[in-house]
Protein chains: 2
Amino acid sequence: MGRPATPKLSVDKIAAAALALVDAKGEFTMGEIAGALGVRPSSLYNHLAGKTDVIEAMRARIFAEQPAPPAPSAHWTDALRALLRHYRDAFARHPRLIPMLTAHTVSSPDVIHMYDDIATVLSAAGIPTARLLDVITVLDSFVIGSALDVAAPDQVWDAAQARTPVLIAAISAAGHGRPRADRAFELGLDLILGALTTYTE
Amino acid sequence: MGRPATPKLSVDKIAAAALALVDAKGEFTMGEIAGALGVRPSSLYNHLAGKTDVIEAMRARIFAEQPAPPAPSAHWTDALRALLRHYRDAFARHPRLIPMLTAHTVSSPDVIHMYDDIATVLSAAGIPTARLLDVITVLDSFVIGSALDVAAPDQVWDAAQARTPVLIAAISAAGHGRPRADRAFELGLDLILGALTTYTE
DNA sequence: ACCTGAACACCGTTCAAGT
DNA sequence: ACCTGAACACCGTTCAAGT
């Protein structure tokens, strides 16, 4: 066998294969990636250092998959809202990947780039520099938490487990699945961005 | 060998040993737990079904570890604030555990119990039932995201990666480590709870 | 430079055997 | 009921050999 004329693998092909596995089954092994690419597991190590690298490559890929970041809007809250939706959607397209990403430090260049954009918008809106990173952290925490909410099946909100009538009623009123998660995310955006506007006035 | 007069193991002992390993090294194996308890790995399976069960047992334990939930306060925002701090602290005491918990569905009885408390406070404050679960989801997402922020080293906020002067300035102004994460969490509480008050007026 | 095949250490889990 | 020891399938990773 030996080296082929044109390489059969690349980091991005590996990431794509791994992502397909995660979407389909929620996990992946090096052997499964190799199988899907018609190659032996040991071949993968010519392109990356190990399983951790595969996860990093997936993180880069889900941001590259997304369409171009939205254009700047008239009001800064609209721009920020669009950025945060964009950020969350990149995760939400691959719900089962999100827990894997949280196990490693979130420092992909694409993510930092998004922080740059958010910082620019917030600063122009009048948030003082001393508070800027705190505000970004709040937004980031909410987005990541909301992405995890998409990953969690509705079973989390199991009326059978609840003791209080109030919670039971709330669960049955809330609906299910993705629409429920989307609605909660939009509410959170309204609350936090609304509070930020009064904060800058 | 054979069965000892008094059992050497229990689910809680296993959870405690696993938690010590996670706190110390960020991971654990069944073999390491067994070693720490002076027992063979196969013995663990007399008490739980597998590694997933160990993680569930750890989740239950970190809530049991916490002191009693805070007493109800004069104003409902104070009660809610105390509940959410309590909730986040339970996670924040074991930062390296948090990513493991996000990999599985969060449906421990202790967590549901906390949702009951939150629902009661919110309902008494005047949040309509139709919106109650959405509000709880927003709070929950923020708390989980903030807990993950405690787990992430400051390297996430790496000024060397930032492109915008605004972000670079914000990072150097923000400080480091646990105080930085705590301050951001408190800001988020202020923003969200503040927005909720105007929401109920 | 890049794929292969064999080899390694390690891991989670099962189960018959012991008391 | 509960611990042991041996065994299993599987997994990530390494590396010399091939082209």
Side-chain angles (χ1 to χ4, degrees), chain A residues 1-61 96-97 99-105, chain B residues 1-61 96-97 99-105:
Chain A
M1 314 301 151
R3 178 193 177 202
T6 152
K8 306 168 82 168
L9 294 179
S10 70
V11 173
D12 201 57
K13 274 182 193 160
I14 294 172
L19 199 50
L21 285 163
V22 169
D23 285 341
K25 341 183 305 157
E27 53 191 8
F28 73 96
T29 69
M30 300 303 268
E32 288 168 338
I33 297 176
L37 295 172
V39 117
R40 299 285 151 189
S42 52
S43 310
L44 303 175
Y45 293 83
N46 289 301
H47 299 268
L48 27 76
K51 203 170 179 180
T52 307
D53 271 20
V54 177
I55 293 175
E56 274 320 297
M58 293 171 99
R59 193 201 306 275
R61 193 167 212 282
R96 335 236 346 221
L97 175 64
M100 297 185 187
L101 297 183
T102 65
H104 301 84
T105 319
Chain B
M1 316 299 152
R3 177 191 179 204
T6 152
K8 308 167 81 169
L9 295 180
S10 70
V11 173
D12 202 56
K13 274 183 194 161
I14 294 172
L19 199 50
L21 285 164
V22 170
D23 285 342
K25 341 183 303 155
E27 54 192 7
F28 73 96
T29 69
M30 301 302 268
E32 288 168 337
I33 296 176
L37 296 171
V39 120
R40 298 286 150 187
S42 53
S43 309
L44 303 174
Y45 294 83
N46 288 301
H47 299 267
L48 25 77
K51 203 169 180 180
T52 305
D53 271 20
V54 177
I55 293 174
E56 275 320 298
M58 293 170 100
R59 194 203 305 278
R61 192 165 213 282
R96 334 238 344 224
L97 175 65
M100 297 184 187
L101 297 183
T102 66
H104 301 84
T105 320

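Every chain is numbered from 1, with letters handed out A, B, ... down the list of sequences.
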Is the shortest side-chain N/O distance from [X] to OP1 or OP2 of [N] below 4.0 Å?
X: Ser43(A); N: dT4(C); answer: yes
X: Arg40(B); N: dG5(D); answer: yes
X: His47(A); N: dC3(C); answer: yes

Tabulated below should be each protein N or O lying under 3.5 Å from an N or O of nucleotides 9-12 of chain C; please produce it.
| unit_1 | atom_1 | unit_2 | atom_2 | d |
| --- | --- | --- | --- | --- |
| dG12(C) | OP1 | Lys51(B) | NZ | 2.9 |
| dG12(C) | OP2 | Met30(B) | N | 3.0 |

Discussion item. Only pairs with both distances under 3.5 Å count, Watson-Crick or wobble alike; so what is the partner of dC8(D) in this structure?
Written reply: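 The base-pairing partner of dC8(D), which may sit in any strand shown, is dG12(C).
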
Worksheet entry | Counter-base of dC2(D), judged by Watson-Crick or G-U geometry with both distances under 3.5 Å |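 Looking at the geometry, dC2(D) pairs with dG18(C).
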
Starting at [atom1] of [X] and ending at [atom2] of [N], how long is that distance when rounded to a whole Å?
X: Leu44(A); N: dG5(C); atom1: CG; atom2: C1'; result: 15 Å
X: Asp53(B); N: dT13(C); atom1: CG; atom2: P; result: 9 Å
X: Asn46(A); N: dT19(D); atom1: CG; atom2: P; result: 17 Å

Fill in: Lys25(A) with Glu32(A): basic N within carboxylate O range, under 4.0 Å
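Answer for the salt bridge query: yes.
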
Worksheet entry | Electrostatic pair Arg61(B):Asp12(B) at N-O distance under 4.0 angstrom |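 Judged by the 4.0 Å cut-off on N to carboxylate O distance, Arg61(B) and Asp12(B) do form a salt bridge.
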
Item to complete: Can you figure out which of dG5(D), dC3(C), dC3(D) approaches the side chain of Ser42(B) most closely?
Response: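 My answer, after comparing the listed nucleotides, is dG5(D).
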
Discussion item. Starting the side chain at C-beta, find the nucleotide from dT13(D), dC2(C), dC2(D) nearest to Pro41(A).
Written reply: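 Within the option list, the nearest is dT13(D).
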
Fill in: Which atom of Phe28(B) lies closest to which atom of Lys51(B), heavy atoms considered
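Closest approach of Phe28(B) to Lys51(B), heavy atoms only: O-NZ, 3.1 Å.
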
Practice prompt. State, yes or no, whether a side-chain contact exists between Leu9(B) and Val39(B) at a heavy-atom distance under 4.5 Å.
Written response: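 Contact flag for Leu9(B)/Val39(B) side chains = yes.
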
Worksheet item: Can you check whether Leu21(A) reaches Glu27(A) side chain to side chain, under 4.5 Å on heavy atoms?
Response: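 A side-chain contact is absent here, since even the closest heavy-atom pair is not under 4.5 Å.
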
Discussion item. Whether the side chain of Asn46(A) engages the backbone of Ser43(A) through a donor-acceptor N/O pair (distance < 3.5 Å, no angle test) should be reported.
Written reply: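 Pair found, side chain donor or acceptor close to backbone of Ser43(A).
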
